[in-house]
Structure formats: structure tokens, C-alpha cells
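Encoded as C-alpha cells, the structure appears first; notes follow it.
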Amino acid sequence: MTRNELRPVVRLRSTAGTGHTYVTRKSRRNDPDRMTLRKYDPVAGRHVEFREER
């Protein structure tokens with residue numbers, strides 16, 4: 001699999017302030033802005049919003 005700039009690797013950091021991160025890929029063509037996903041934070045023990053960090 002070739003890595004290119006169209007689907008870069010991004011880190012999603014928890015907004016709960018726990019410091020937990022997820023690593024994923026995103027499409028710059030479909031999501032040019034910062035990505036936000038609601039995922040499970042095991043440190044907080046609940047689902048919180050994760051935002052893309054740069």
C-alpha cells in the first residue's frame with residue numbers, strides 16, 4: 001500500500017483531557033477540515049468527542 005498525501009495518517013485526541021489518542025486515516029478530498037468523531041475513551045470510561053490534532 002503506497003502512502004500518499006490524499007489519505008494522510010491523523011491522530012485523534014480526546015476532548016475529555018485524558019490524553020488518550022486514536023490513530024486513523026482520512027480522505028482530504030472528502031474531509032478537508034479537522035475531523036471530529038465520537039469514540040470510547042477507556043480512561044474516562046465513556047464515549048467522548050475526539051478531534052484531529054495537527
Side-chain angles (χ1 to χ4, degrees):
M1 176 170 47
T2 60
R3 296 190 178 191
N4 57 14
E5 293 299 316
L6 187 62
R7 294 192 62 84
V9 174
V10 295
R11 295 180 62 168
L12 302 173
R13 182 170 297 274
S14 173
T15 58
T18 59
H20 187 74
T21 60
Y22 282 100
V23 178
T24 187
R25 291 181 166 279
K26 78 165 193 174
S27 173
R28 285 202 181 168
R29 191 174 295 156
N30 296 336
D31 299 315
D33 301 329
R34 289 193 184 187
M35 186 189 310
T36 60
L37 293 175
R38 213 166 143 74
K39 296 182 73 67
Y40 183 74
D41 189 341
V43 180
R46 59 190 170 94
H47 282 81
V48 296
E49 195 167 90
F50 280 74
R51 289 203 180 127
E52 175 184 344
E53 69 174 14
R54 292 188 181 167

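Computed from a prediction, not measured in an experiment: that's the story for all the values here. Just so you know, these numbers use all the heavy atoms, side chains as well, and skip hydrogens, waters and symmetry mates.
For the atom pair CD (Glu52) and CG (Asp31), the distance works out to 9.0 Å, reported to the nearest 0.5 Å. Here the CD atom belonging to Glu49 is positioned 4.5 Å from the OG1 atom belonging to Thr36, to the nearest 0.5 angstrom. With rounding to the nearest 0.5 Å, the separation of CZ in Arg51 from CG in Leu12 is 11.5 Å. Atom CZ of residue Arg38 and atom CZ of residue Phe50 lie 10.5 Å apart, to the nearest 0.5 angstrom. Taking CE from Met35 and NZ from Lys26, the interatomic distance works out to 5.5 Å, rounded to the nearest 0.5 Å.
Applying the side chain to side chain donor-acceptor pair (under 3.5 Å) criterion to Arg7, with sequence neighbours excluded, gives no partner residue. Judged as a side chain to side chain donor-acceptor pair (under 3.5 Å), and not counting sequence neighbours, Arg28 has no contacts. Residues passing the side-chain contact (heavy atoms from CB on, under 4.5 Å) test with Arg29, sequence neighbours excluded: Leu6, Ser27.
Tyr40 and His47 make their closest contact through N-CD2, 3.6 Å (heavy atoms, listed as atom of the first residue, atom of the second, distance). Minimum interatomic distance between Arg46 and Ala16 (heavy atoms only, all atoms of both residues): NH2-CB, 4.5 Å. Ser14 and Asp41 make their closest contact through OG-OD2, 2.8 Å (heavy atoms, listed as atom of the first residue, atom of the second, distance).
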